[in-house]
Structures are given as C-alpha cells and as structure tokens.
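Count residues from 1 along the sequence. Excluded from the calculations below are hydrogen atoms, water molecules and symmetry mates; all remaining heavy atoms, backbone and side chain alike, are included.
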Amino acid sequence: MLACKMKPLPFNLCNPKKRPAIINRSYALLHSIAATSLIFYRVSSLLHSRPSLPHLLMFASELILSLLWLLNQAYLWRPVSRKTFPERLLQEKGEELPGIDVFICTADPKKEPPLEVMNTVLSAMALDYPIGKLSVYVSDDGGSSSTLHAMREAWKFGRSWLPFCTRFGIKTRCPKAYFSRYEDDLGEKGYHEEKEKIKLRVSSMISNSPYILVLDCDMRCNDPTSALQAMCFHLDPRISSNLAFVQFPQKFHNLSTMDIYDGQLRSVFLVKWPGMDGLQGPMLSGTGFYMKRKALYGDIVQEDTDPIQLKQYLGPSNELVKSLHRSNHHNSVNNMDSPSRLLEETRNLASCTYEKETQWGKQVGFLYNSVVEDYLTGFILHCKGWNSLFCDPPRPAFLGTATTKLNDTLLQGARWNCGVLQVALSRFSPLIYGLSRMSLLQTMCYAHLSLQPLYSLPMWCLATIPQLCLLNAIPLYPKVSDSWFMIYSYIFIMSQLKHLEEVLSTGDPMWTWWNEERIWMMKSVTSYSIGSLNAVLKFFGLREANFVPTNKVADDEQVTFYQKGIFNFQASTIVLAPLVTLVSLNMISFAGGLARIIIKGSNWNEMFGQIFLSFFILMVHFPIVEGMMFRKDKGRIPPSVTLFSLALSTSFLCLGSLILMP
C-alpha cells in the first residue's frame, strides 16, 4: 500500500474508532432538541404578547446562532486522519516521480522581509525529491528590487547549502531555523554574510510540472519529505484520478505558550479540516498544498482543443499554448529556440496586463472573484467533482510566522471574512451553487465558513440589547424559576463543555478554551463586522475589495508582550473602539442592574439571565478592563480611546432608555 492508512481521530485511548461519532452525534441530537424548544418558546411568547423591538432582535440573534451551529455540525460528522509511507513510494518509483513546481508568493518587502523569503526559497530547494524534478518560482507582486537581490543571494548560498543538507542528512533545511539551534562555523558564517547583504504563470512554459506546491513567503519547508508524502496520495491508483490537492496544516514556529490570539487556528486544522477529510476533502488553505495542475486547468487543455479557443482562456502567448499541448514532461522549455526568446516570453507572461480580456482567474487557474481566492478555488474544484485530502504528519511539513499583535490578528481576520462573505453574496453562494453539485455535509461546511461573518450580528445584539433592557428593568429571558430557563442554561453550559472537550481531546491545555472564547468574541465584533461591511459595500459597488498583506515583522517589544501572554493594545481606533465600547457598556449595565436589584428591590428572578450575561462578557474580556484601568505600559489602551468609548456607550444607553420608555 503506497498511500495511506485511514483511522478515526484518536479522541479516546480506549475506543478511538467509535467515540468521536457517538459524542458528536449525541451532542448534536440533544442540542437540536434544545434549540428547537428555544425557538418554540420565543415564537409562543411573541404570539401571546405584543412583540417589542428588543425581543424581536433577540429572537433574530438566536435564529442566526442556531443556523450557524447547525451548519458547523457537518465538520464533526465523519472525522478521519491519515498516515503516509513515503519510503515505500521512493523505493518503488524513485526517478519515475513526476515533477513539482514550487510557487512562493510575496508582495511587500516591508511587511514580508526578503531575508524570510530567501529562507523559504532555500528550504523549498532542499526538499527531499529527485534532482531535476523540482523547480522553484518566486512570485513578487511588489516587484521589489530587494527581493530580487535576495533571490540571487539565495541561489549563491544554495550551491553550498543544499549539498551540506544532503551530505549530513539534515531535516531542518531552513538556514535561519538550523543556525538558531546548531553551530557550524563555515555554514553559519556563509549564512550571516548573505544576511548582511540583504539587510506564475511562467512555470507552464518553463517546467510545466504536473504538480504544484504553493507556499506563502514565510511558510518554510520544515520536513523535507513533504513532497514524497503528497505524492503518496497523488500516485495512489485508488484515489489519484479525482484527487485535486493534498492540503497540509498551517503551523507556526513563533507561537507562545499561551497563544492569546489563537495563532495556531486550532479549530480549523485540528477539527474542521480532519472533519471535511471524511467527506469530500478539506478546503484549500492558501499555502502548504500540493495541487494537480490538471485540476487547475480543467478540461480546456486537450490535444484537439482549438488554439483560438485556448487563447481566449490563456492569453495570446503561442508558446504557452504549445507548452500545454505537450505531454507533462519536466523541462518542456528545452523545445524553445533560444534563451532570449524564453526571456521575452516569460516577461510577457509575468506582466500584470497579460491576462486582460481572458478567462484566466475567472474559469482557469486560481479564481480571483474574491480576496480569498483559495476558498473560492477549492470550492469550485469540489463542485466539479474533484476531491482533496488532509495530511497532518507528526513533524510539521511547513512552519510559518503567526501574528503576534492584536491589530494584525483582527485586520487579517477582517480580510478573510470579507472574502468569504463576498462568495456568499455572489452567484457561487454555497447554499445555492454548491447544493446540487456536492454532498449535503460538504455544502454545509462551505456554507458555514462563508456565512461566518454573520456571527457579528448576534454578538452585537447580545452585548448591547440585554444590557440596555437590564438598566430599564425589562426582562428578556425566562424567570429562573421557569422551566424554560433550564433550556437556556443547558444550551450555554453544554456549548461550553463541548468546546472544552474538543480542546482537551486535541491535546491543548484548558486555558486554550478560555483564550479561544475571548478571541472569538473579539473577532465577532471587529473582524466579522469590518469584513461584513466591506463585503456589502463591494457588493453594491461602493468600495473595491483590496488585499493587504499581513505584517510579518515584529519588534522586540511586541514579541515580549506576546510571549508573556499580555495583550498589546497598540492598535488602530477602528479596531479598539468597538471592543472598549462594548466592555464599557457591560460594566455600566452590570453595576447599574446590580444596584437596581439591591437598592430598589427589582425582581432578581426575572433579571438574573441579563446580569449573568454582562458578568460573563466582562470576565471573558478582562484583559480589556485591565488595559483600560490598571495597565501603565505602552501596550495599554490609550486613555483617549477609553474616554471616547465611554462617551459612546453612555450615549447609547441614554438614547436607548429614551426609546424604550413608555
């Protein structure tokens, strides 16, 4: 067997094959009953009394949360994990292995330092793969001369670095990572000399390898056998015919112990993607995947395809059309007439205007209808009947750089959520376009991610409406003595316990649960809200969606805060103000509601749910309270933002009270 051994995720040492399905499906059944009961209670309450705006908003919020919860269950229905045996593949195939083109993408040398790009390039060049079967390309959207210089230096350094790795069997083949742990006088000297010097479509015509590896500029190759592992799946005759790509998880070398910003994206790569692997396969994740070139080009490249029709899709380059008609042999460029002609063609293909008036990016290659082209491209591939696989080996195949600042984390999330909601608002909306083309569960997974920005609506309602009504003695939840209150309590408690069980089952400590609760709420009111607004403005043509690279440069102060698990609130006001405003509002409502009950003798039985909600929000967001009131370091929340947010929250409560008064 070349490719893989499949087994359920090991949630339990005693019975790893059955417990995941039993736990997840039992929880889903009980939670569905509770959610249905809750909806029945809300509907009956609204029918038997005159509905008020707060009650209608709470009902809408609960419906949205129930829908998103239901869609999320598809990830948990059939999780699997896979193991590869690359040594068997190497023994049986050897020099017969197909070629691989590696694409390393960068855009801004200020946010993505050329030295990091150089390290990624060298680690990719050092992959454990037959000589002559690997081609490495760097795509620099910024056209930076410093990046070009770094690539020249990487080529020079690689002439000694690659033989060194092969000779001594080194697995950590990124120079920066290697020399941070080991000392080798000659090698380290050479690397630091290069470091001081630095302080495409084109592959279709040059190498035309049948498989493609795509990497972010900071996502270095950590396991040199990743190419062989991917080929174990791609060359397995049982699954290779409809296998589009093999996705590896994104893992990071700079995560702190606390990981306060959820940089590891635990839920995605340890729960959701293994869950989709049991369906039609995981979503395309932007980096760390081995793609079959044929899956990207589809059926347009056939021997009998009209060249004129091909040019409508691929552009006017005759050489590109010729190369795609040739069989997928490595170094197809050998048929070119001269190096000068090759250079001229590559410049033409690499230009920004080449694909104008073609179908490239719309029906061929990576689809650019959204700022998250990976999500849309993977979705369309699955709709066309292609499958994917998830490979998560014990040694991380790739290691990148996680965000270490709150501002970067939330703005990165805003870009992602803008992109997926763009897809949801387009003709490719998963619940419409995907339902007739994929399985129901696979469609639910894509729909959940595309509608994820909608979490912002119920989160804003839950953080403001109950608090406003608390100050005005308007109950929104059943009495504590009412049996319906038990339904609310059950849903809240079981949701938290299920999240905690999931965290512990993936090997993470308990504080990961609390950190994820906090950062999810923060993203809901900032990243999801900003992303939703940008997507809606783009939908109505009022704003053009743009791609802003995540900052990969961190100063010493920023890293110190992150490593100590201390939030760094040096962020833009547009990010901080919503968070501080909501926390301020909950502080006021909690104190005012508690005082009303104690002093005026308001009914504790009716208002307990709203008091507890404000208290829970304050506990989860205690770092914000601390940053507002107690911290004096540079990472605190600026007093100007605190005062501005207090004014906003007070104005909202005053205006809302006037509206709610009979």
Stepwise side chain to side chain contact (heavy atoms under 4.5 Å, CB included) test for Leu255 and Tyr562
CA-CA 9 Å; Leu255 290 176; Tyr562 176 69; 3.5 Å; yes

Roughly how far apart are [X] [atom1] and [Y] [atom2], rounded to 0.5 Å?
X      : Y      : atom1 : atom2 : answer
Asn515 : Asp508 : CG    : CG    : 10.0 Å
Asn417 : Gln452 : CG    : CD    : 5.0 Å
Leu431 : Tyr446 : CG    : OH    : 13.5 Å
Ser649 : Leu653 : OG    : CG    : 6.0 Å
Glu517 : Leu500 : CD    : CG    : 9.5 Å
Leu451 : Leu421 : CG    : CG    : 7.5 Å

Is there a donor-acceptor pair under 3.5 Å between the side chain of [X] and the backbone N or O of [Y]?
X      : Y      : answer
Asn407 : Ala571 : no
Ser426 : Val423 : yes
Thr506 : Val503 : yes
Thr287 : Asp216 : yes
Arg42  : Phe59  : no
Thr464 : Trp460 : yes
Gln570 : Lys405 : no
Asn472 : Ile474 : no
Gln247 : Ser285 : yes
Arg437 : Tyr433 : yes

Determine whether [X] and [Y] make a side-chain contact, defined as any pair of heavy atoms from C-beta on separated by less than 4.5 Å.
X      : Y      : result
Thr512 : Asp259 : no
Phe567 : Glu626 : no
Leu582 : Ile617 : no
Leu441 : Gln280 : no
Met494 : Leu30  : no
Tyr375 : Ser450 : yes
Pro638 : Leu576 : yes
Met522 : Ile624 : yes

Donor + acceptor pair across side chains of [X], [Y] (<3.5 Å):
X      : Y      : value
Gln563 : Ser256 : no
Thr401 : Asn254 : no
Asn568 : Lys634 : no

Mind checking side chain to side chain donor-acceptor pair (under 3.5 Å) for Ser481 and listing every partner two or more places apart, or none if nothing turns up?
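For Ser481 the side chain to side chain donor-acceptor pair (under 3.5 Å) partners, ignoring immediate neighbours, are Asn605.
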
Look at atom [atom1] of [X] and say whether more than 12 heavy atoms of other residues, nucleotides or ligands are closer to it than 6.0 Å.
X      : atom1 : result
Ile574 : CD1   : no
Met619 : CE    : yes
Phe644 : CZ    : no
Lys479 : NZ    : no
Phe492 : CZ    : yes

Test side chain to side chain donor-acceptor pair (under 3.5 Å) applied to Gln496 and Trp513, step by step
CA-CA 9 Å; Gln496 298 302 318; Trp513 159 68; 3.3 Å; yes

What are the two closest heavy atoms between [X] and [Y], and how far apart are they?
X      : Y      : result
Ser61  : Leu457 : OG-O, 4.5 Å
Ala402 : Phe252 : N-CD2, 3.5 Å
Ser614 : Leu470 : OG-CD2, 4.4 Å
Val525 : Ser529 : O-OG, 3.3 Å
Ser37  : Ile487 : CB-CD1, 4.4 Å
Gly627 : Arg636 : O-CB, 3.8 Å

When the aromatic ring centroids of Phe485 and Tyr41 are compared, is their separation below 6.0 Å?
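Centroid distance Phe485-Tyr41: not below 6.0 Å, so no.
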
So, Tyr477 versus Phe608, ring centres under 6.0 angstrom or not?
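No, ring centres 6.0 Å or more apart.
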
Is there a side chain to side chain donor-acceptor pair (under 3.5 Å) between Ser45 and His55? Walk through the geometry before answering.
CA-CA 9 Å; Ser45 298; His55 285 89; over 6 Å; no

Face-on cation placement of [X] at [Y] ring, 6.0 Å and 45° thresholds:
X      : Y      : value
Arg631 : Phe561 : yes
Arg266 : Phe269 : no
Lys272 : Tyr75  : yes

Using the ring pair (Phe, Tyr, Trp, His ring centres under 6.0 Å) rule, take Phe390 and Phe248 through it: C-alpha gap first, then chi angles, then the decisive distance, then the call.
CA-CA 6 Å; Phe390 186 64; Phe248 287 82; 8.3 Å; no

Would you call Lys251 and Asp392 a salt bridge, using N to O less than 4.0 angstrom?
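Yes.
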
Check against side chain to side chain contact (heavy atoms under 4.5 Å, CB included), Gln73 and His448:
CA-CA 9 Å; Gln73 298 313 297; His448 176 267; over 6 Å; no

Among Leu468, Leu655, Leu471, Leu53, exactly one meets side-chain contact (heavy atoms from CB on, under 4.5 Å) together with Leu660. Which residue is that?
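That would be Leu468.
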
Side chain to side chain contact (heavy atoms under 4.5 Å, CB included) evaluation trace for Met438 with Phe379:
CA-CA 10 Å; Met438 296 187 299; Phe379 172 65; 3.4 Å; yes

Where do Ser456 and Ser524 land on the side chain to side chain donor-acceptor pair (under 3.5 Å) test, with the steps shown first?
CA-CA 5 Å; Ser456 60; Ser524 295; over 6 Å; no

Quick one, Tyr455 with Trp520, criterion ring pair (Phe, Tyr, Trp, His ring centres under 6.0 Å). Give me CA distance, side-chain angles, the key distance, then yes/no.
CA-CA 10 Å; Tyr455 274 121; Trp520 176 75; 5.2 Å; yes

